[in-house]
Every structure is written in C-alpha cells, then in structure tokens.
Amino acid sequence: MLTANIERDLNVVEERTVRIDMDKLVSICRRRGFIFPSSEIYGGLSGCWDYGPLGVELKRNVKDAWWRAMVQERDDMVGLETSILMHPRTWEASGHVAGFSDPLAECKQCHQRWRVDELKEKACPACGGELTESRQFNLMFKTFAGPVEDAASVVYLRPETAQGMFVNFQNIVDTSRKKLPFGIAQIGRSFRNEITTGNFIFRSREFEQMEIEFFVKPGTDEKWFQYWLQTRMNWYAERLGIRKENLRLRQHEKEELAHYAKGCYDVNYQFPIGWAELEGIANRGDFDLTQHAKFSGKSLDYFDDETKERFIPYVIEPSAGVDRSVLAVLCDAYDEDTADGEPRSLFRFHPNVAPIKVAVLPLSKKETLSPLAKQIHTDLRQCWTVQYDDTQSIGRRYRRQDEIGTPFCVTVDFQSLEDNRVTIRERDRMNQIRVPVTGLRNTIAAKLGGEDLFILPPGGEIWKKGGEK
Ligand code: GAP
C-alpha cells in the first residue's frame with residue numbers, strides 16, 4: 001500500500017531536542033510581533049487573532065509557498081478567488097445547513113457551554129455542575145444581505161472555501177480549456193462559530209484555508225487520492241521545512257467520515273498539544289457536483305472528448321489550514337542553544353518562510369559606514385525582505401535577528417571601505433564568510449536556495465567557523 005510507504009519515507013529523525021509549549025509560544029509570538037490577540041485593548045475577542053509585522057510576512061510566505069507549488073508550477077491546476085458570501089442555497093446543497101454542527105451542552109450551574117464530544121467526563125469542566133441534554137449547534141455564522149433583516153435575506157459567512165470552487169466548475173471548464181484530470185485551487189478566509197476555541201491559532205472562529213478541488217474520472221480516484229497524500233506530505237517537509245518526524249498521516253475510521261467522503265486522511269503534525277490535524281485530504285466522490293446540479297437545476301457533468309462519455313467527475317480534496325501551517329512552522333522552527341557563552345533562543349525558519357531574509361548591519365553607526373551599508377540595503381531589498389539595523393552592539397543585533405529567524409546577516413565594517421567586501425553570517429551555525437560586494441546578491445540568492453555557506457564565490461573566503469575567530 002502506497003500510504004504505508006509514505007509513512008516510512010518520512011520517518012527520518014533529525015536532531016533537535018527543544019520542544020516549545022503553547023503558553024511560551026503565545027508569549028514569544030506576542031513579544032516579537034508575530035501574533036497578537038484580536039482587539040486586545042478591549043480585552044480580546046475569543047477565537048480571533050491579529051498577525052503583527054513579522055507574522056503577516058510569515059503567513060504570506062506560507063501562502064505563497066502553497067500557491068507556487070500547487071498552482072504556478074503545475075499545468076493541471078488553476079487558481080480562483082470566490083466571494084465569502086454566497087447564495088444561501090449553496091449551503092443547503094452542500095449539507096451545511098442540515099449537518100454542519102457539533103453537539104453542545106450547557107452547565108445548569110455556571111451556564112458555560114461545552115462541545116460534548118470533546119468532554120472527558122459528563123460534568124461541567126469549569127465547576128463540576130450538571131450538564132443539559134446535548135443538542136446540535138450549527139457552526140455557520142449567519143448574517144443578512146441588504147437593509148432588511150428577515151428570513152429571505154439570510155446569508156452565511158462561508159465555513160469553507162470549497163463550495164466556491166464547486167459552483168464555478170462549469171465556468172472553469174468553459175473558460176480555461178482544462179481537461180480532466182485538473183484542479184481548482186483557492187486561498188481565503190473561512191468562518192466557523194466554534195463552540196470552544198483555543199490552543200492559540202489552532203482553532204479560531206475566523207481563519208484561512210488553502211484548498212484544492214481536484215477533478216478526476218471516476219475509477220481513477222483511488223490513484224489520485226494516493227498521489228495527493230504523497231504530494232501534500234512532501235510539501236510540508238520540502239517547502240515549509242517541517243521536520244518529517246513531526247508529520248504523519250492518519251486514516252479516518254468509517255464512523256468519522258464526513259457525509260460526503262468516500263475516504264479521508266488527516267495530515268497530522270506533532271503540536272505541543274499532541275498529534276493534531278493540519279490538513280484533511282478527502283475523496284469526495286461525485287457528491288458535491290451532483291448536489292449542486294440538483295439544487296441549481298444546471299448540468300454539471302463533463303464530456304470526455306476522447307471516449308465521448310458524459311459523467312460527473314469525482315473530486316479529491318486536499319484542504320489545509322493557513323493558520324495551522326503557520327503554527328506548525330513556528331513550533332517546528334523554535335530552538336534554544338548558546339552563542340558566545342550566552343543562552344540563545346531562535347527560530348530556525350526555512351528560508352522560504354522566514355519573515356526577514358537578510359539583515360544589513362553596519363558595524364558602527366559612524367557616518368563613514370552608512371553610505372555603503374545603505375547602498376547594500378537598497379540593492380538587496382529589490383529581491384527580498386531586508387532589515388537595516390545600526391543600533392546597539394553587533395552581538396545584540398545578531399541575537400535580535402536570530403530571535404525572529406532571519407537566515408543571514410550582512411555586516412559592513414571599516415575594512416569593507418578598503419576591500420569592498422562584507423561578511424555574511426548565518427543564523428544556524430553562526431558561521432561567517434567574507435565576500436565581494438559585487439557578488440553579494442547572487443551569493444545570498446544561492447544560500448537562500450539551500451547552497452552551503454562555505455561554497456564561496458570568486459574572491460570569497462571562510463572567515464569564522466561556528467562564531468570562533
Ligand atoms: N473543505 C473541507 C474542509 O473544510 P476541514 O477539515 O473542516 O475540511 C480543513 O478543514 C482545514 O481547515 C483543517 O485541516 C484545518 O487546518 C483548517 N481549519 C478548520 N477549522 C479551523 C478552525 N476553527 N481554526 C483554524 N483552522 C481550521
């Protein structure tokens with residue numbers, strides 16, 4: 001079975017001993033400007049989070065890495081961006097109005113509400129009080145379109161981006177000239193009125209998804225299902241740099257399967273809260289297109305030019321959470337070691353996702369150094385996110401960049417004015433090389449692309465190993 005091979009291939013253990021707990025991560029993310037509680041000055045809003053200056057870069061990089069690999073590098077995928085508000089019949093057809101709910105019970109004593117299927121005991125976890133009978137609570141946020149607040153104007157904030165892709169299936173077939181098998185990909189906000197939120201950005205009420213609906217000929221679905229399990233597992237490891245030993249696939253039991261799914265696996269990550277879902281990959285059969293054809297009265301079948309057959313395609317759906325991917329990246333990259341005899345805490349981000357790729361650091365604030373340093377800054381920022389920092393000691397500035405996960409620092413010193421060479425210092429092993437300014441951009445591009453630091457450009461030399469002279 002291919003699935004078993006995937007588990008085996010990814011079972012490679014890399015060295016890294018530090019495991020961060022969730023409270024510490026929340027605090028570090030707040031302090032360093034990655035993620036803040038939403039509307040914090042009013043005491044926050046449960047289940048909502050704001051991405052700060054570094055968090056927004058990190059999140060954008062995660063989405064770009066997905067879009068690049070899943071859409072731009074493929075011939076069999078097109079992108080789409082659909083509206084958050086959709087015709088309300090969409091959610092009747094999809095089954096969300098009738099069935100997108102969790103079992104809820106209220107404590108008769110303190111009136112807190114709980115998701116029953118997640119409770120370990122039958123009493124209220126907060127005060128031990130008796131709970132009411134459970135009832136199904138629909139997770140869709142309801143609102144009204146237009147000035148009249150009546151039943152006819154009810155619309156929902158979408159709980160998944162998927163339906164926007166199904167209802168556009170015919171538009172894509174008609175306009176893109178794609179033939180099966182092909183996919184539609186979308187990144188966008190989704191909303192769920194979760195009964196309980198928590199574990200930082202793991203479960204929120206407003207979040208982003210990266211979803212693919214991959215349409216295939218019935219009978220080829222199992223092959224494509226296996227293909228997508230492998231492809232998505234590889235993406236997390238290769239494009240986000242998540243360690244393979246912290247990723248695994250978990251097959252859903254029959255009774256766990258959603259109403260639409262023929263089969264489903266979760267990509268799980270080993271979060272501080274334990275193994276938990278990062279992405280769901282489902283074989284949805286022909287459920288969605290059949291339902292939308294029925295509810296809309298429009299034909300959504302596909303005509304195969306070669307076999308002259310007409311049929312409703314099957315769908316394989318890899319559905320990932322942006323915020324959970326960001327959380328996994330943060331957990332996986334966090335590390336602690338020592339530098340110059342001092343404890344150091346850092347994020348060992350993969351260059352693809354690091355919020356800042358390079359920092360330009362003139363050795364001193366002296367006016368003689370700043371023109372060259374600023375010129376380098378201007379040059380490098382044409383390609384990457386680059387920070388310029390000339391405050392405090394060089395050691396403090398390296399530490400600051402390590403803390404936010406910047407892979408490389410470029411140091412401009414007085415010698416640079418004479419030999420037109422600068423130092424590149426790497427975050428992970430703190431090694432340094434000296435390179436000509438003329439070759440700096442190409443050298444950094446190569447190093448960000450994964451080339452070893454000690455492969456030197458013409459005129460370059462190894463300067464310091466492991467931070468020692
Ligand atoms: N279209 C299928 C679908 O939406 P899902 O398993 O309900 O499937 C897919 O959601 C992914 O979206 C999850 O694996 C998770 O990463 C993310 N997700 C779902 N609910 C979330 C929430 N409340 N907060 C953050 N991410 C969530």
Side-chain angles (χ1 to χ4, degrees), residues 35 38 45-49 51 59 62-63 66 80 82 84 86 90-91 93-96 99-102 115 118 137-141 156-167 183-214 228-229 232-233 235-236 240 242 247-252 256-269 271 273 275-285 287-289 291-292 315-331:
I35 300 166
S38 161
L45 179 67
S46 178
C48 297
W49 297 91
Y51 285 78
K59 193 182 190 198
V62 167
K63 289 190 280 186
W66 187 88
L80 187 70
T82 66
I84 286 170
M86 297 178 70
T90 307
W91 308 110
S94 68
H96 283 81
F100 191 58
S101 52
D102 283 333
R115 203 175 132 176
E118 288 191 337
F137 173 77
N138 194 294
L139 301 184
M140 282 198 294
F141 277 100
Y156 301 95
L157 302 189
R158 67 178 176 203
E160 60 174 18
T161 71
Q163 299 305 323
M165 295 184 269
F166 293 127
V167 301
I184 308 179
Q186 163 156 240
I187 300 178
R189 295 228 168 210
S190 294
F191 302 81
R192 294 183 190 179
N193 197 3
E194 301 282 359
I195 297 168
T196 49
T197 57
N199 291 321
F200 199 23
I201 51 174
F202 182 81
R203 178 170 293 132
S204 20
R205 294 201 167 109
E206 177 177 347
F207 54 96
E208 273 188 278
Q209 291 183 306
M210 308 181 279
E211 294 196 288
I212 292 170
E213 306 304 336
F214 198 79
W228 279 108
L229 295 177
R232 294 300 305 141
M233 285 290 271
W235 180 81
Y236 286 103
L240 299 189
I242 292 180
L247 291 167
R248 73 174 187 196
L249 284 171
R250 185 187 74 83
Q251 185 171 18
H252 279 213
E256 265 184 283
L257 288 177
H259 58 279
Y260 52 74
K262 275 182 74 192
C264 188
Y265 279 81
D266 287 344
V267 176
N268 277 8
Y269 175 75
F271 288 103
I273 51 169
W275 288 99
E277 180 186 338
L278 198 51
E279 168 165 347
I281 304 174
N283 181 346
R284 296 178 75 117
F287 174 82
D288 304 273
L289 292 181
Q291 284 293 101
H292 286 302
V315 178
I316 309 300
E317 179 194 65
S319 171
V322 177
D323 309 80
R324 282 191 198 174
S325 299
V326 168
L327 184 60
V329 164
L330 284 163
C331 294

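All residue numbers refer to positions in the sequence shown, counting from 1. Whatever order the structure lists them in is the order used to number ligands and atoms, beginning at 1.
Looking at Glu160 and Ser319, their side chains never bring a donor and an acceptor atom within 3.5 Å of each other. Side chain to side chain, Tyr236 and Glu279 meet the donor-acceptor criterion of an N or O pair below 3.5 Å. For the residue pair Thr161/Glu211, the side-chain donor-acceptor check at 3.5 Å is satisfied.
Looking only at heavy atoms of the protein, atom 24 (N) of ligand 1 is closest to Ser204 N, 3.0 Å. In this structure, the protein non-hydrogen atom closest to atom 18 (N) of ligand 1 is Phe207 CE1, 3.6 Å. Ranking the protein heavy atoms by distance from atom 9 (C) of ligand 1 puts Ser319 OG, 3.0 Å first. When only non-hydrogen protein atoms are considered, atom 15 (C) of ligand 1 lies nearest to Arg324 NH1, 3.5 Å. From the protein, the heavy atom lying nearest to atom 10 (O) of ligand 1 is Gln209 NE2, 3.4 Å. In terms of protein heavy-atom proximity, atom 25 (C) of ligand 1 is nearest to Phe202 O, 3.2 Å. Closest protein heavy atom to atom 17 (C) of ligand 1: Gly321 CA, 3.8 Å.
Residues satisfying the side-chain hydrogen bond (donor to acceptor under 3.5 Å, both in side chains) test with Ser325, not counting sequence neighbours, are none. Every residue two or more places apart in sequence or in another chain that forms a side-chain hydrogen bond (donor to acceptor under 3.5 Å, both in side chains) with Ser94 is listed here: His96.
With Arg205 contributing its side chain and Asn193 its backbone, the two residues share no donor-acceptor pair below 3.5 Å. Under a 3.5 Å cut-off, the side chain of Asp266 and the backbone N or O of Asn268 do not form any donor-acceptor pair.
Looking at Glu211 against ligand 1, only its side chain comes within 4.0 Å, counting heavy atoms. At a heavy-atom cutoff of 4.0 Å, ligand 1 is contacted by the side chain of Glu160 but not by its backbone. Only side-chain heavy atoms of Ala162 come within less than 4.0 Å of ligand 1; its backbone N, CA, C and O stay farther off. With a heavy-atom cut-off of 4.0 Å, Leu278 touches ligand 1 through its backbone alone.
Considering every non-hydrogen atom in both Ser190 and Gln209, the closest pair reads OG-OE1, 2.8 Å. For His292 against Phe166, the heavy-atom pair with the smallest separation is CD2-CB, 3.7 Å.
Stacking of Arg248 on the aromatic ring of Trp275 is recorded, both the 6.0 Å distance cut-off and the 45° axial limit being met.
The residue among Glu277, Arg192, Glu206 with a heavy atom at the shortest distance from atom 20 (N) of ligand 1 is Arg192.
Within the 4.0 Å heavy-atom shell around ligand 1 one finds Arg284.
Remark: ligand 1 atoms within the under-4.0 Å shell around heavy atoms of Glu279 are 14 (O). Listed by number with element, the atoms of ligand 1 under 4.0 Å from a non-hydrogen atom of Gly280 are 14 (O). Near Glu317, meaning under 4.0 Å from one of its heavy atoms, ligand 1 places the atoms 1 (N), 2 (C). Under a 4.0 Å criterion applied to the non-hydrogen atoms of Glu194, ligand 1 contributes the atoms 22 (C), 23 (N).
Between Ala320 and ligand 1, no N or O atom pair is found at a separation short of 3.5 Å.
Here Phe202 and Phe200 keep their ring centres 6.0 angstrom or further from each other.
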